[in-house]
Visitor: 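Got a structure here, written out as structure tokens. Questions coming.
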Amino acid sequence: MDKTKKKRKRLIFRSAVLVLLLGLVAFAVIGNLSKDNAVVAEGEEAPNFQLKQFGTNGKTMSLEDLEGKGVMLNFWATYCKPCEAEMPYMQKLYPKYKDKGVEIVGVNLDATKMIVNKFIDEYDLTFPNLHDEGGQVMDLYNVGQIPSTYFINEDGVVVEKVVGPLTLEKLDSYLQQIQPKG
Amino acid sequence: MGDLVTISSNLLYAAFIIYLVATFFFGATVGTKKQDGKSKAGTIGITLTIIGFLTQVGYFITRWIASQHAPVSNLFEFTTFFGMMMVFAFIIIYFIYRLNVIGLFTLPVALLIIAYASMFPREISPLVPSLKSHWLYIHVTTAAIGEAILAVSFAAGLIFLIRQIDQTKKSKHTFWLEFVIYAIFSTLGFVLITTAFGAMDYETKFEAPLDGQVVTMDYHLPAIAGPHDGESVSESTIGPLFETPEWMRGQEASSKFNTLLWSLLTGLVIYGIVRLILRKRVAAAIQPKLQKVSPDLIDEVSYRAVSIGFPVFTLGALIFAMIWAQEAWNRFWGWDPKEVWALITWLFYAYFLHLRLSRGWHGTKSAWLAVGGFAIIMFNLIAVNLVIAGLHSYA
Amino acid sequence: MNRIKCECGHVNPEGTVLCEACGKPVEGNQHIDGNEKDKLLNMRYEGSARRSKTYNRNLVDKTWNFFSSVKVGVWLIVITLIASSLGTIFPQEMYIPPGADPATHYEEQYGLAGQIYYQLGFHNLYSSLWYMLLIALIGVSLVICSIDRVVPLHRALKKQKPKRHHTFLKRQRLFSQTEGDVDIEKFISRLKKQRYRVTRQDDSILAEKGRFSRWGPYVNHIGLIIFLLGALLRFIPAMYVDDFVWVREGETVVIPSTHGEYYVKNKNFILETYNEKENERFQAALQQEAAPVPSNYQTNAVIYKRTDPRVVGAEPELEPINEAEIRVNEPAKFNGFALYQSSFQQNEFTKMSFKLHETGNEEKVLGEFTIDLTSPKTEYELDSGARVVIDQYYPEYYLDNGEPRSKSKYPKNPAFVFYVYPPGEEKPEISFAGIGMNIDATGENDYKLNLAGFDTRDVTGLTVKKDYTLPFLGIGGLIFMIGVIQGMYWNHRRIWLQKSKDKVWIAGHTNKNWYGIKRDIEKVIEGTGIEMPEDQQQLKG
């Protein structure tokens, strides 16, 4: 009948409009809640970059060079006290994990090379440290606070992101997680 | 240059006096038989109003030339401009409806606003970088015109209420109507008391802690409320009666609070005297003079003013404001108190229009809304600038 | 429930209050517009059938009918109004002093009231979920209210006929009855002169003008909806970028949030203040200010585009695309992005020069050297053969429990530990020197380093903005203005005339400005013998 058909049509129209509006409201709510999320999150692929390495006369290193290895990326600076505190732990575990296919890479945010070179000498750091002079990689990884550390597995996926200082035990267990299998 | 500034301020004085005289002529039309603009007093009234307006335009132009930027960039300049636009809005409405009584109510409000403006520093002030934008002038002037037209709706609403409210018995209506009149008297009180003590060059100083430092606070009125934990450093014998509450902070908070108290008290005194002379409610005394006014027509004027003013207000206070904010601060909306109150004003008039158009609120209800809308505009002009203050605290 | 057939033959949808064609009140529906109590008919929606209260059975209809109520819409406006005012009692979080902890700031500044304000989340009211939901609900109400009213109103105005039912005419606000002869032709020609559209049906006349103003409210609602949708687009990352970058004079840095594609160089930062002599007109105002009043903040900048295949961090190849003077109110624009002058820091050190002389005799100079504070050398050889070696460099020196450290990488308070090797000597003397400091570690140094000069530079703070939502907001605002002007500055006026054997009825209606339509009618009936309609509504108060 014409009458029920019309009623049906109206119901469909109203439902469609309401669903559309509900969708928009939901979009707004989700947008509002997820405003401050980081760009590189756990479970995502770590974006590539290329930086000059300290102590190599301007040789560069990129994340792609370390393909197939587990990589720990540590963002740090000389003027950051907690960064300084965790340096010895990293240096201590570095030789052991390097043999197991895990590379520790420091990304330094200082402006002055001389200060960083002195710091590396003082702590006898042997793992590679890269100079992010313009803070570009920091921007790419959306690092706000230092130290910040990314643990990346052999497939290039971020397994863990740690903001703030690490203890020796924690560092050890995170490094185990990104140790390549087989 | 100096001469031009003098000419400019003289023109403003002249305009003020011409408006005042015009008000008396409009007053003379009330109660007479003729209600359309045909009465002689009415013709003189509107002629004077136009002359006064042109004189004030002369003030505006000379000041513009002297300062080399549009004179709407501090509290004095903006408020004066607002008063001028109110007269302008009245002239437009007059030529649509030819109602002298609107002049009798609009001009005194405009006069009070101009007088209020003159209580603020009148020097030509330099523009900080964020104010150097043509969008600022466009935004501020359009917003002022919109608000001025809405103010005519207030005047009409007030006439309607005085004309229509039953004064034979006490009610909420009579109470609030007297309250509105008292608020107008308080503004007058502010002007009088500030002028009086200003003429005497009165000053008293306090030292009080502010953010961990002891600062000196200047009062230009005798202290009723002194600064919190403040100590008088002048030899003035009149001590504060009590201290400003602790949460009122800031260099000038307590002196502003003191001024507010003075205004309210002076307003109360004026109201008391008027009430004593009249021996009845002020509105009840005016009511018989308005018997010739058609309530239907006044109701329509009030609504018409909102329907003309609302689009102008939207354009000036919201849209142009957003364009300027986008250029100056790279965000078109920043939830600054002044912005929020412009939004509140807009929402309120949207509410007014919806109630009137969709729910049939006419007459008394609509008149009260017109009064309420103007109260919000005044709150934004006075309270937000002086009390809350944000990015717009320059003016 | 059946459709209602009027006696004029027109079939109306159910819920109709006044027949769409002839205006005869439909029996049993008068309560909808409150017509039973009043002499005059409520003409707000032409008595058309709006939302039907009969279909209220399922959730969809119930929700629909809820939002289609103007009452609900008006309440939403009031609640938003009150909520908005609450947020202005104390400053919002973004306006409290930078670095202040909101958790304690509100309580310290405003006492208990401040603490409650903070606890309730009012310090971030306008970005709170509930406030946003409130705005969203207004949006929903706007859409549904408009759909529910514009369709039946359009129908009713399209279907209206010149021939009206007598009750419809008699119950208009403006109505009169004339007995005797009238000049209808003159009446019509006058109407046309007043720019009325006249339609005639037998002895009935309908004159109408300004109908389009009836669509104003719906047009402005569409504008508002577009504006709100535009505001929603901000949540799509590609549509909206808001970032910030500090650039030191002489430095070229990558512009954040451009995926490393654009770089900016700060050639020069300029801060100008008003000078009393040059600006005589401001003299009085300037004398009252304690601090100089700024007149200009400006960055002379060059914007570059990166041309090599981008790998983040690798040395870029740059090509200048835009040389700009960025001022407040005058942003630099490039490829959808805009750089705004937002902030600055003055006087950061760039170079320091030291002079080496004998202790106690400043005339005996062994040479001078200049340190570039961003890339200092480890060793400086002086003309006299003396050598100065930098042992430690603290760009922003401070004492941390007696131990010298740097607060940041920026040379805001540079200090050095120098090893000074006098000519021919192998054993260094140790000196500590900085701004306003010169400490001889042993107290036995034969030579002293004196600060001979320094260079400084300014740092500019630029906001990086990309906002593709602006066109939507602009179009929304424009449509709103068009709608609101269309609805407010024009009126929909109608005049009906009906002639029977010995009587002429005339009725008038306008959606507003009754004064105007009365003047119209006065003009058109002049000399036609038609009596001026009476205003049947007189406000009582």
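Bear in mind that the values here come from a model prediction, so they are computed numbers and not experimental data. Just the heavy atoms: all of them, side chains too, but no hydrogens, waters or symmetry mates, feed the values below. So you know, we letter chains A, B, ... as the sequences are listed, proteins then strands, and number each from 1.
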Visitor: Chain C heavy atoms under 4.5 Å from B/Ile319: which part of the residue, side chain, backbone, both or neither?
Guide: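 Answer is side chain: those atoms of B/Ile319 sit under 4.5 Å from chain C.
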Visitor: Counting heavy-atom pairs under 4.5 Å to chain B, which of C/Leu478, C/Asn511, C/Val328, C/Asn296 comes out on top?
Guide: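 Option with the top pair count is C/Val328.
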Visitor: Within the 4.5 Å heavy-atom criterion, are C/Glu330 and B/Lys132 side-chain neighbours or not?
Guide: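 A side-chain contact under 4.5 Å is absent here.
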Visitor: Using a cut-off of under 4.5 Å for heavy-atom pairs, which of C/Val293, C/Asn513, C/Val484, C/Asp467 has the most such pairs with chain B?
Guide: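 Highest number of heavy-atom pairs under 4.5 Å: C/Asn513.
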Visitor: Angle between ring planes, C/Tyr131 versus B/Trp335, binned at 30° and 60°: parallel, tilted or perpendicular?
Guide: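 The rings of C/Tyr131 and B/Trp335 stand perpendicular, inter-plane angle above 60°.
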Visitor: What distance separates C/Ile485 CD1 from B/Phe310 CZ, expressed to the nearest 0.5 Å?
Guide: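 The distance works out to 11.5 Å.
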Visitor: Above 12 or not: heavy atoms from other molecules or residues under 6.0 Å from CD of C/Glu534?
Guide: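 Open: at most 12 neighbouring heavy atoms sit under 6.0 Å from CD of C/Glu534.
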Visitor: Please flag which part of B/Ile344 lies under 4.5 Å from any non-hydrogen atom of chain C: side chain, backbone, both or neither.
Guide: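 B/Ile344 touches chain C through backbone and side-chain heavy atoms alike.
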Visitor: Going from CD on C/Gln341 to CG on B/Asn330, what distance comes out if it is rounded to the nearest 0.5 angstrom?
Guide: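 C/Gln341 CD to B/Asn330 CG: 11.0 Å, rounded to 0.5 Å.
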Visitor: Check whether B/Leu297 gets within reach of chain C through its side chain, its backbone, both or neither, counting any heavy atom under 4.5 Å.
Guide: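 Contact with chain C is through the side chain of B/Leu297 alone.
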Visitor: Checking B/Trp333 against chain C: side chain, backbone, both or neither under 4.5 Å from a heavy atom?
Guide: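 Nothing of B/Trp333, per the 4.5 Å heavy-atom cut-off to chain C.
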Visitor: Name the region of C/Leu473, side chain, backbone, both or neither, that has any atom closer than 4.5 Å to a heavy atom of chain B.
Guide: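 Answer is side chain: those atoms of C/Leu473 sit under 4.5 Å from chain B.
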Visitor: Distance check, rounded to the nearest 0.5 Å: B/Phe379 atom CZ versus C/Ser85 atom OG?
Guide: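 Between B/Phe379 CZ and C/Ser85 OG, I get 8.5 Å after rounding to 0.5 Å.
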Visitor: Sort out for me which of B/Val128, B/Val306, B/Leu347 touches chain C most, counting heavy-atom pairs under 4.5 Å.
Guide: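 Among the listed options, the one with the most contacts to chain C is B/Leu347.
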Visitor: Examine whether an atom of C/Tyr489 lies under 4.5 Å from a heavy atom of chain B, and if so say whether it belongs to the side chain, the backbone or both; otherwise answer neither.
Guide: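 Contact with chain B is through the side chain of C/Tyr489 alone.
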Visitor: Could you give me the CA-CA distance, side-chain angles and deciding distance for C/Tyr126 and B/Val340, then say whether side-chain contact (heavy atoms from CB on, under 4.5 Å) is met?
Guide: CA-CA 10 Å; C/Tyr126 305 112; B/Val340 176; 3.3 Å; yes
Visitor: Relative to chain C, which of B/Pro121, B/Ser130, B/Ala350, B/Ala367 shows the most heavy atom pairs under 4.5 Å?
Guide: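 If we count pairs closer than 4.5 Å to chain C, B/Ser130 comes out on top.
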Visitor: Against chain B, label C/Leu470 side chain, backbone, both or neither, depending on which of its atoms sit under 4.5 Å from a heavy atom there.
Guide: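 Side chain of C/Leu470 only, per the 4.5 Å heavy-atom cut-off to chain B.
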Visitor: Less than 4.5 Å apart, side chain to side chain, heavy atoms only: is that true for B/Trp135 and C/Asn329?
Guide: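 No - every pair of side-chain heavy atoms lies 4.5 Å or more apart.
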Visitor: Does any backbone or side-chain atom of C/Val74 lie under 4.5 Å from a heavy atom of chain B? Answer side chain, backbone, both or neither.
Guide: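 Both parts, backbone and side chain.
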Visitor: Do other residues, nucleotides or ligands put more than 12 heavy atoms under 6.0 Å from B/Phe76 CZ?
Guide: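 Buried by this count: over 12 neighbours within 6.0 Å.
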Visitor: Verify, without hydrogens or angle tests, whether C/Tyr340 (side chain) and B/Gln326 (backbone) share a donor-acceptor contact under 3.5 angstrom.
Guide: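 Answer holds: yes.
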Visitor: Looking at B/Ser307, is its backbone amide N or carbonyl O close enough to the side chain of C/Lys512 to form a donor-acceptor pair, meaning the two atoms are under 3.5 Å apart?
Guide: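 Pair absent, no side-chain N/O of C/Lys512 close to backbone of B/Ser307.
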Visitor: Sub-3.5 Å donor-acceptor pair from the side chain of B/Tyr351 to the main-chain atoms of C/Leu81, do we have one?
Guide: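 Looks like no, no N/O pair under 3.5 Å.
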Visitor: Taking B/Glu327 first and then C/Lys333, would you say they form a salt bridge - that is, a charged N and a carboxylate O separated by under 4.0 Å?
Guide: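 Yes.
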Visitor: Donor-acceptor pair, C/Arg44 side chain versus B/Leu357 backbone, under 3.5 Å?
Guide: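 Between the backbone of B/Leu357 and the side chain of C/Arg44 there is a qualifying donor-acceptor contact (under 3.5 Å).
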Visitor: Would you call the rings of C/Phe227 and B/Phe332 parallel, tilted or perpendicular if under 30° counts as parallel and over 60° as perpendicular?
Guide: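 Geometry flag for B/Phe332 against C/Phe227: perpendicular rings.
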Visitor: At a heavy-atom separation under 4.5 Å, does C/Tyr515 approach chain B through its side chain, its backbone, both, or neither?
Guide: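 Both backbone and side chain.
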Visitor: Mind checking whether B/Pro129 and C/Pro294 have side chains closer than 4.5 Å, heavy atoms only?
Guide: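 Yes, their side chains come closer than 4.5 Å.
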Visitor: Please classify the contact between C/Pro331 and chain B as side chain, backbone, both or neither, with a heavy-atom cut-off of under 4.5 Å.
Guide: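 Interface part for C/Pro331: side chain.
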Visitor: Drop me the distance from C/Met94's CE to B/Arg331's CZ, to the nearest 0.5 angstrom.
Guide: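 Here the interatomic distance stands at 8.0 Å.
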Visitor: Is chain B contacted by the side chain of C/Ser342, its backbone, both, or neither, given a heavy-atom distance below 4.5 Å?
Guide: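 Only the side chain of C/Ser342 comes within 4.5 Å of chain B.
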Visitor: Checking side-chain contact (heavy atoms from CB on, under 4.5 Å) for the pair C/Arg149/B/Ser358: CA distance, chi angles, key distance, verdict?
Guide: CA-CA 11 Å; C/Arg149 280 173 181 70; B/Ser358 292; 5.5 Å; no
Visitor: Does a side-chain heavy-atom distance below 4.5 Å link B/His354 with C/Ile77?
Guide: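 Touching, per the 4.5 Å side-chain cut-off.
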Visitor: If I take atom CG from residue B/Leu127 and atom CZ from residue C/Phe282, how far apart are they, to the nearest 0.5 angstrom?
Guide: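 Here the rounded value is 6.0 Å.
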Visitor: Given a strict heavy-atom distance threshold of 4.5 Å, which part of B/Ile165 is in contact with chain C: side chain, backbone, both, or neither?
Guide: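 For B/Ile165, neither part sits under 4.5 Å from chain C.
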